[in-house]
Amino acid sequence: MEASTIQSLCKNLISFSIQRCRISEDLCRLSVVLKRIPDYDPPLVIISFSDTGVGSCLEEFRNLKCPRNSVSDENFDGVLSITTTSTCDCEIFHYHLNLKETVALRKLTRLPSTPKNGAKFSGTEVSLSTCESVDELIAGITCFLQKILILKVPKVAIELVVERANGRGSGYENLLLSNEGILLTLPMSNVERLTSGLEDYVLKHGNMFDQQCSSCFLSREHLKVGSGVECSTESTRSTGQVVEAVIIISRLPEPSSPSCFRACSARTEVLYFEDFTPCSIPQSSLDGLTSIDWKSYGLDLRTSVLDGNDCAMLEWENLPPHTHIDIVIHCYPQQKNQGYKHLVKKAIKVALDSLKQRYKGTLLSAHAIKICSYAPDLARTITGLILSSNDTEFQKECCSLLGMQPHVIGVEKKVEDCITEKIVAIIETNDKKGQRHRESAPLLFDGEYIHEPEFQDEYEGEDGYSILDL
Amino acid sequence: MEGRDSSSKPCDLLKKIRDFTGSLLVDLCRGRSPSISLDRYRNYCTDPSGKCCCSSDLNKGKEILSLQREGHVYRLDVLLRVLLIVQQLLQESKHGSKRDIYYMHPSIFSEQAVVDRAINDICILLKCSRHNLNVVSVGKGLVMGWLRFFEERRKFDCIKSPCTVHQVPVHVEEVTGIMSIAEYILVVEKEAVFQRLADDGFCRTNRCIIITGKGYPDVSTRRFLRLLTENLCLPVYCLVDCDPYGFDILTTYCFGSMQMAYDAKFMRVTEMRWVGVFPSDSKKYCLPEQCLLPLTAEDKRKAEGLLRRCYLQQKPQWRLELEMMLQGGVKFEIEALSVSSISFLSDIYIPSKIQGQLYI
């Protein structure tokens, strides 16, 4: 496990805490506290990661490596102070883990333990000190925790506290406090939590706000939400793999403030999690994403690029104005060798299909949109055939078929609208069904061409006659 | 005249249109994707085994228009627009031309052929002929000779002046009282030849009726010719250019066109005899070299296509002549026969062919 920067090291330590909390059967808390010591030059920051999850057997720290770059070398002494105890332990264990030590046996130093005096509790605290900019550290950790909140990890509350000491004493600033993992008391599946988490994430503009942005979203109804879960089957080599995907399409009236601009960008940052940890997207999963036939959902994927943090950014062409797409993918357990390509592809497709199913007119294929463009014309002509007929009985029959009151039949626009709606509904249904069959079953006859090759002779000859045959 | 049965009357067609609209609406209201089934017709194929059923006049499969393909939806859009116009024509007992229909939505229809196909589709759908829809053509065909008939109440008395040229009537189904003392009917491909025969007073010296469709014949000309042959039981001869297009026009009169194959049985004249001009005529009448043009690649492709048509098995001699044309590699026009004398066609060629039974 390579931690190239202090930021990455912090992310790893947070992930370890989350895992320990998940294993615990009790309610847990994860606190990340940054304490600034201004008396040092440069000022020192002590960061502690404490959780009330199960005690650590130090296994997870075994592969942790020291951040390796010139800045980190200067700013970090490489030592992690670890304090941990399990419920069944009688004492609290203290260690020093020197990440800069190259000899494995000398890395870990066990310090004197503290007796628990019969108390039953578990927990771990890891702390380190660094001279790096506190603001940058806060920004990085906040962003990471905001992503973790999307998972709504069951029974885990998360807080981020900054303690600033100055001449007048010390002050606490609670930057982030989330207990939604605890508040969601109803039994919910992971994907339901993920869905709820992504909804909050979107409504709070990437969890930047404490509450949903009231100027953009009056209610959750502005969101179109679809989710999909795919599990590896027993026939495949490794079983038990799960991929969950949630897609949210949000459409806003108009961005009201600069902080809301993200909400209507044509770019989508794919939020990717493996084993309950936000991480960069591996190539196989990215391949799974890009191999989807987005056009069959009316989406035109222009580019997919990895940004500096290996996050996949999808850029859409022709997205309607003020529309944004959010995608989150969660794969677990962690896969060392095989990727999640096919499961990611399938889960995303299930999510897209569920969106299509739930929201009328959403994600129609480019093909269906084209066909829909004929609906008003078809409806107008059918209305014409009904209303211009001189058979009033026929008109009454049509009126009752359409479920309209007899006096409405004279209102051309109403009849037209009613028929248009029915045609569009059928095209949408066809599109849903066609998704599966389109590639495999071409229609028996192709009606696209008026000059069919087999009749070419004939039409060539009779073209002249056709035009002149007035 | 043989024709569609009584269910092609305007009131019956209007009912069929209402039924069609009604069934479309039922599908839409029940959330079923409508599928419009159109019988497919063809009057020939290229099956060399001779085991085809092209001559049966039955439909050869079906074409299903649905909302699943854009091409189908466009075709349905056009079909419905034309059907609406047809419903209005029938309700108001008015007639409209194909061109009139085209100009009602030119940007949607984009070309006349699109309207033509929609009209054909509607004829197939309603099991009727084009004229039943009150869709007419101005008619470009010409007629002269020993013939008299009425169109509605108008009398066409060609007998008084057999060399006067008349337009072929547009409302062929309104033609009554056909009377003739002609011995045969001569169909000529080209207006120029028709005019030459008129100028030469051919009909004064020969008891015949002459018709031209000015190239590929329109529906009125073919229906009128069919009406005459049914009523008068006269032999019909056809004179076309010695090139693949002339031959194709000959087959159109004789077997109908693929485009309107669904209605071919009401328009074709299978007993037609080909009187000329044959490839062998160039030697027989010593046509000079400059009158003979080499067949182009396009001509050859067309001729080869014609040779593959199954219906030519009924006319082995026609096939033979066409093969000779391909082998000889040259073509020539009817007018080439006038090289020695301007009235050679009227004075010698046609009379000798008919009297000598040199037709096939």
Side-chain angles (χ1 to χ4, degrees), chain A residues 367-368 370-375 377-382 384-386 388-391 393-394 397-398 401-403 418-419 421-423 425-427 429-431 433-434 438 442-452 454-470, chain B residues 14 17-18 21-22 24-29 31-34 40 46 63-77 80-81 83-84 87-88 91 97-99 108 111-114 116-117 137-138 140 213-220 245 248-249 252 257-259 302 305-306:
Chain A
H367 171 77
K370 258 189 198 166
I371 293 189
C372 274
S373 69
Y374 286 93
D377 283 351
L378 290 173
R380 194 172 308 122
T381 317
I382 295 171
L385 280 163
I386 298 168
S388 75
S389 169
N390 53 12
D391 184 334
E393 276 307 307
F394 169 67
E397 278 169 32
C398 292
L401 266 174
L402 290 166
C418 177
I419 296 176
E421 208 174 284
K422 291 184 190 306
I423 296 173
I426 288 170
I427 296 169
T429 313
N430 284 347
D431 197 41
K433 281 191 274 183
R438 195 169 298 126
L443 289 176
L444 281 177
F445 296 106
D446 188 340
E448 304 284 342
Y449 305 103
I450 183 162
H451 301 292
E452 293 165 62
E454 89 177 271
F455 297 165
Q456 197 70 48
D457 260 11
E458 186 81 33
Y459 277 99
E460 243 174 36
E462 297 205 341
D463 260 353
Y465 127 71
S466 289
I467 302 295
L468 291 168
D469 182 16
L470 302 175
Chain B
L14 283 168
I17 294 173
R18 285 195 300 272
T21 310
L24 203 59
L25 207 60
V26 168
D27 278 346
L28 294 177
C29 291
R32 277 196 311 241
S33 190
R40 286 193 134 201
T46 53
E63 198 171 3
I64 311 288
L65 298 188
S66 70
L67 292 183
Q68 263 131 348
R69 293 183 77 100
E70 199 196 347
H72 286 189
V73 181
Y74 171 66
R75 201 163 148 193
L76 185 61
D77 181 26
L80 288 173
R81 282 169 191 266
L83 192 65
L84 177 58
Q87 177 172 276
Q88 284 163 345
Q91 284 186 166
S97 72
K98 295 198 301 179
R99 204 65 179 158
I108 302 288
E111 57 173 328
Q112 182 68 48
V114 171
D116 295 356
R117 182 167 71 172
S137 50
V138 167
K140 60 175 182 142
K214 298 184 189 171
Y216 280 93
D218 60 13
V219 173
S220 311
Y245 288 91
D248 193 23
I249 289 167
T252 303
S257 69
M258 183 67 98
Q259 204 180 13
K302 173 118 190 142
L306 287 164

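A, B, ... follow the sequence lines: proteins, then strands. Residue 1 opens every chain.
Here K422(A) contributes atom NZ and D27(B) contributes atom CG; the two are 12.5 Å apart, rounded to the nearest 0.5 Å. The distance from the CG atom of L385(A) to the OG1 atom of T21(B) is 4.0 Å, given to the nearest 0.5 Å. The distance from the CG atom of D391(A) to the CD atom of Q87(B) is 9.5 Å, given to the nearest 0.5 Å. Once rounded to the nearest 0.5 Å, the distance linking CG of L24(B) with CD1 of I423(A) reads 7.5 Å.
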CA sep, side-chain torsions, deciding dist, call: L25(B), I419(A), side chain to side chain contact (heavy atoms under 4.5 Å, CB included)
CA-CA 8 Å; L25(B) 207 60; I419(A) 296 176; 4.0 Å; yes
As a quick check of understanding, evaluate side chain to side chain contact (heavy atoms under 4.5 Å, CB included) for R81(B) and D377(A), giving each step before the final call.
CA-CA 9 Å; R81(B) 282 169 191 266; D377(A) 283 351; 3.1 Å; yes
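Between I426(A) and S33(B), the closest heavy-atom pair is CG2-CA, 3.5 Å. Contact detail for F394(A) and R18(B): the closest heavy-atom pair is CE1-O, 3.3 Å. Of all heavy-atom pairs spanning L67(B) and I371(A), the tightest one is O-CD1, 3.3 Å.
Distance alone, capped at 3.5 Å, is enough to place a donor-acceptor pair between the H367(A) side chain and the Q68(B) backbone. With hydrogens and angles ignored, the 3.5 Å screen pairs a side-chain donor or acceptor of Q91(B) with a backbone N or O of N390(A).
No side-chain heavy atom of I427(A) sits less than 4.5 Å from a side-chain heavy atom of V73(B).
Your options are I17(B), L14(B), V26(B), and the one with the most heavy-atom pairs under 4.5 Å with chain A is V26(B). Taking A425(A), G384(A), S389(A) one by one and counting their heavy-atom pairs under 4.5 Å with chain B, the maximum is reached by S389(A).
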